[in-house]
Structures are given as C-alpha cells and as structure tokens.
Trainee: 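One structure is given below, represented as structure tokens, and several questions about it will come after.
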Amino acid sequence: MSAPWLEELAENAADVAGQARQTLVAVVQRDRGVGSGIVWSPGWVVTNAHVARTNRLSVRRGDGQALSAKVRAHDARLDLAVLELEDEIGSPAVIGDSSALRTGEWVFAVGNPWGVTGGITGGAVIDPAAGRDGGWLALGLHLRPGHSGGAVVNARGEVVGVNTMMNGPDVGLAIASATVKRFLAEAGLAKTMTRLDRAA
Amino acid sequence: MNALEQLSDSLASAVQLAGEGIVRVEGRRRLPSSGLLWAGGDLVVTAHHTIERRSDVTVGLPGGETVGAKVLGRDPATDLAVLRLPKAFGKPLAAAEAEKVRVGHMALAVGRPGAELQATLGIISAIEGGWRTPFGGQLDQFIQSDVVMYPGFSGGALIDAWGRLVGMNTSGVLRGVSLAVPARTIARIAQTLVEHGRVRRGYLGVGVQPARLAKPHGASGQTTGLLVASVEESSPAEKGGLLLGDVLLTLGGKPLASMDDLLAALGGDVVGQAASLEVMRGGKTSTIQATIGERPAPVEEEEE
C-alpha cells in the first residue's frame with residue numbers, strides 16, 4: 001500500500017510528462033533518421049543544428065500530421081536551429097528560466113529515443129551551469145539517438161533545455177533555455193516568435 | 001506546490017544544505033576532488049587516493065574562497081585523508097543515523113570539483129555489516145549506491161533526502177562501484193589520523209593463499225589454512241622462522257581460515273606484541289613465536 005502523496009507524485013509526474021509531450025515534434029531529415037524538436041511558439045520549432053542539417057525537412061506531430069519546414073536559423077557551433085512550419089500549428093511551450101535551476105532538482109527529457117515517439121526519461125540536475133560558458137545543463141539521465149532537439153522540462157513542466165548529447169555513459173547534456181533565448185535574439189527571431197506566441 | 005514540485009525542491013534544498021560543508025580539494029594534477037568539512041570546521045576529510053602530494057594542497061571553500069591546507073594524515077586502507085585548515089570555516093554536515101539508512105532510500109552524491117556544487121541522484125543499493133577493503137581497512141558498513149560518480153566526486157558526500165551525511169563517496173576502493181565510507185568509520189579513522197598521523201596496522205611480512213587442510217584442525221574444525229607463498233626479508237615472519245610452504249593455522253589462538261582472518265588478527269593493537277603462530281610443516285603441527293611489526297607506510301610518490 002502506498003502513501004497518498006506517492007500516488008500524487010506519480011500523477012504529477014504523468015501530467016508533466018504529458019505536458020512535455022505537447023511540445024514535441026519529430027524532425028525528419030530525409031535519409032538521416034528522426035530527431036526531435038520543441039514547438040517554441042505556434043508555427044516555430046527549436047531543435048539541434050545536427051538534427052536540421054538539410055533544408056529538406058519535414059516535421060511530424062504526435063497525431064501523425066506531417067508538415068514541411070524551412071530552416072530559419074542555424075548555428076552549428078551552438079548546435080541550435082530554428083524551423084518555420086508551413087502552418088501555425090501547436091500550442092506554445094511554456095519556457096522556463098534555466099538560470100533558476102538548482103543542483104539536485106528533478107527534470108524530465110522528452111524525445112523520440114530510438115524512434116519511440118514521446119519517450120520520457122527523468123533524473124536530477126548535476127550542474128545547471130555546465131560547459132566552458134556555463135550555457136549547458138549536465139543531467140543525470142540517459143539521452144539516446146532521437147532525443148536530440150527535444151525538451152528538458154522541470155517539475156512544473158516548463159522547458160528549461162534542449163536535449164543535445166551524452167557526456168560519457170551516464171551524463172546527459174542539454175542546451176540551457178537561456179542560451180536558446182540568446183540565440184533567438186541574435187538571430188533576430190525573438191520578436192517574430194513572441195508576436196506569434198501572443199497572437200495564439 | 002504539488003508532490004513532484006515538493007520532491008524536486010526538497011532534493012535541491014538537501015544538496016544546498018549539505019553543500020555548506022562540502023569543499024573542493026586540489027591535491028593532484030588536473031582534476032580536483034571533493035572534501036568534507038569535519039569536526040570543528042577546521043578539518044577536511046577527503047579521499048586519500050586523490051591527494052598526490054604532501055604539500056601545496058589547497059581547499060576551495062563553499063563561499064568561493066581558497067585556502068592552503070596541511071595534510072595531517074592518511075589511511076590508504078580506508079581511502080581517507082585528513083587536512084588541517086588555517087582556521088574553522090563553514091559548517092560540517094550532520095550525520096544520518098546509520099541504523100535508519102535503508103536499502104531503497106533515495107540518496108544524492110554531492111561534490112564540488114569546480115566552483116559550484118554538483119549532484120547526482122540515486123538510491124542506496126546495498127548495506128551490509130562490517131566490511132574489509134581490498135587494502136585491509138575495516139569499514140563499519142558496506143554502503144553501495146547507484147549514484148553516478150561524476151569526475152571529482154571522490155571525497156564528497158553521499159547524503160540522504162534530508163541532506164545528512166551517510167558517508168564519503170569514493171571510486172578508489174572498488175572499481176565501478178559507488179562505495180561510501182560510512183560516517184562512523186570517518187569519525188573513527190579521522191580521530192586516529194589527527195592524533196597519530198597514521199593508522200597503525202600489524203605486519204607479519206608474508207604472502208599467503210588459502211589452502212585446504214588434509215583433515216579438520218583444532219576445536220573450530222577449520223578446513224583451510226593459509227599457505228605461505230612468500231616471506232619478506234627481515235620481516236617478523238622471517239625472524240620468527242617461517243618458511244615457504246608452511247601452512248598457517250592460527251594466530252594468537254584464532255583460526256586463520258581466510259585472508260580476512262589474517263588481516264583481522266593484525267589490527268593496530270597487536271603491533272609490538274609477541275604472538276604464537278600455529279603452523280603445519282611437513283604434515284606436523286608446530287608453534288612459532290613472532291613479534292608482530294607495524295605495516296610500513298606505502299612508498300610516497302615523488303614530490304612535484
């Protein structure tokens with residue numbers, strides 16, 4: 001028999017997982033397999049640059065709907081890319097403040113690991129300011145091929161990072177949402193995407 | 001806050017609380033390790049295997065300040081070293097009650113190899129009673145967890161969900177196993193290191209391996225003894241007249257059926273004492289007198 005709060009915990013976790021899945025799309029590169037993307041605002045998807053290496057991309061939603069997408073920004077060094085969809089689909093993700101993350105707090109990563117749609121994995125924040133510039137999150141969870149470009153969400157379901165790669169066998173690395181925001185501003189897309197966000 | 005948010009927040013708070021007593025230790029080339037403020041806050045306990053030099057060890061405090069530290073003593077057998085700081089800093093972690101830590105409990109490994117705290121989450125995988133390390137040290141408990149030992153986490157804390165110290169993490173005792181040296185063992189060894197600079201262990205000077213006896217021996221009915229495969233020069237064993245091929249049966253009346261029995265019989269309390277060794281030689285049992293020596297310290301590496 002489990003304590004009521006443990007059941008509540010499980011329910012909360014399932015809710016946050018469901019919320020995280022709402023932000024998820026599959027990014028299909030012809031002949032290069034399937035990665036993940038985050039619906040940052042309606043019609044706009046943030047993903048990894050290595051998931052968007054060709055301009056012939058399509059994006060698939062959870063319900064199976066496929067849309068063509070154009071790369072609007074691409075930075076291989078940051079490993080970030082922005083896609084504009086042919087339609088303003090999707091509800092915007094709630095973007096969290098990655099700089100407020102605390103060491104030890106709980107996060108989930110959502111993506112399409114090994115092509116499994118909407119796979120969820122969870123773990124604790126090892127270091128909220130990892131990497132040389134502090135713009136990365138080191139996480140105690142396992143990212144797999146297909147997770148790349150998907151969202152890391154905190155216990156409130158807010159997007160705080162972008163799944164990017166593993167560092168050794170047990171440490172997942174994600175680009176912090178603050179880094180993404182800077183990238184969007186520098187790419188001149190922040191306003192466009194926010195405007196669409198408001199219109200939605 | 002819902003239950004998930006509370007869990008997440010509590011874990012982060014436990015890390016933050018424990019972090020006030022966790023320092024960075026720079027005692028080797030390249031990668032710093034972690035350490036625990038100890039006793040009055042003027043001592044640091046860390047993992048022996050991460051201290052490669054005797055002098056020029058620096059400690060990074062929770063507040064960001066860096067101070068020089070002196071190596072007071074070290075015990076390779078339990079992988080513990082104690083450093084002295086110029087004065088008291090910060091607040092040592094409170095220890096968890098050893099009896100209340102259970103297999104399945106959540107636990108966090110917390111380290112400070114860089115400027116900021118880092119933590120990994122897992123559960124207590126195994127707890128067993130007293131356990132002897134491969135280097136002959138006695139731990140009060142064997143505590144294994146599945147936390148990921150991030151580089152530089154050795155010497156840091158394994159904490160419970162309330163931020164209390166379960167033990168000091170080390171990956172230097174068992175390869176591939178996240179082992180924690182229990183808080184109680186740290187307290188015991190640290191005190192000895194502060195007082196004497198080392199932990200004395202008895203020394204006989206033999207290399208042995210278990211060997212089956214032709215027939216059970218003595219009142220205990222032991223079926224194995226320890227075959228002497230090597231005798232070190234000028235050692236208590238050589239002076240006592242032990243020969244290659246002898247089979248050790250008892251030391252001070254206690255059966256020697258395994259390596260562990262021998263290590264247990266050679267505690268620090270028997271150094272300098274005469275002990276009688278029962279041995280089997282050429283099918284006959286005889287008794288040899290030997291004066292137990294003190295195990296020499298391992299050869300220190302060259303200073304940089």
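Quick note on labels: first sequence line is chain A, next is B, and so on, each numbered from 1.
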Trainee: Would you check if the side chain of B:D75 reaches a backbone N or O of B:L80 as a donor-acceptor pair within less than 3.5 Å?
Mentor: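 Flag not set: sc B:D75 to bb B:L80 has no pair under 3.5 Å.
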Trainee: Output all residues satisfying side chain to side chain donor-acceptor pair (under 3.5 Å) with B:K100, sequence neighbours left out; order by chain, then residue number.
Mentor: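 Here the qualifying residues are B:E97.
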Trainee: Which residue out of A:V171, A:V107, A:L101 racks up the most heavy-atom pairs below 4.5 Å with chain B?
Mentor: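 The option with the most such pairs is A:V171.
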Trainee: I'd like to know if B:R132 pairs up with B:D260 as an ion pair, taking the criterion as any Lys NZ or Arg NE/NH1/NH2 lying under 4.0 Å from an Asp or Glu carboxylate oxygen.
Mentor: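 Yes, B:R132 and B:D260 are salt-bridged.
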Trainee: Return the set of residues passing ring-ring contact (aromatic ring centres under 6.0 Å, His included) with B:F142 (not counting sequence neighbours), or none when no residue passes.
Mentor: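 Expected list: B:W131.
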Trainee: Please test B:T185 against B:Q141 for side chain to side chain contact (heavy atoms under 4.5 Å, CB included), starting from the C-alpha separation and ending with a verdict.
Mentor: CA-CA 8 Å; B:T185 308; B:Q141 286 181 306; over 6 Å; no
Trainee: Check chain B and chain A for donor-acceptor pairs under 3.5 Å and report each one on its own line.
Mentor:
residue : atom : partner : partner atom : Å
B:A3    : N    : A:E8    : OE2          : 3.1
B:A3    : N    : A:N12   : OD1          : 2.9
B:L4    : N    : A:N12   : OD1          : 3.1
B:S8    : OG   : A:W106  : N            : 2.8
B:D9    : OD1  : A:R102  : NH1          : 3.0
B:S13   : OG   : A:R102  : NH2          : 3.0
B:Q16   : OE1  : A:R102  : NH2          : 2.7
B:L117  : O    : A:T103  : OG1          : 3.4
B:Q118  : NE2  : A:D127  : OD2          : 3.0
B:A119  : N    : A:I126  : O            : 3.1

Trainee: Going by side chain to side chain contact (heavy atoms under 4.5 Å, CB included), name the residues that satisfy it together with B:V103, two or more places apart in sequence or in a different chain.
Mentor: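 If we apply the side chain to side chain contact (heavy atoms under 4.5 Å, CB included) test to B:V103, skipping adjacent residues, the hits are B:I127.
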Trainee: Given heavy-atom pairs under 4.5 angstrom as the criterion, report whether the side chain, backbone, both or neither of A:V16 touches chain B.
Mentor: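 Just its side chain gets close to chain B.
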Trainee: B:S154 side chain to B:A47 main-chain N or O, any donor-acceptor pair under 3.5 Å?
Mentor: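 No; zero donor-acceptor contacts below 3.5 Å.
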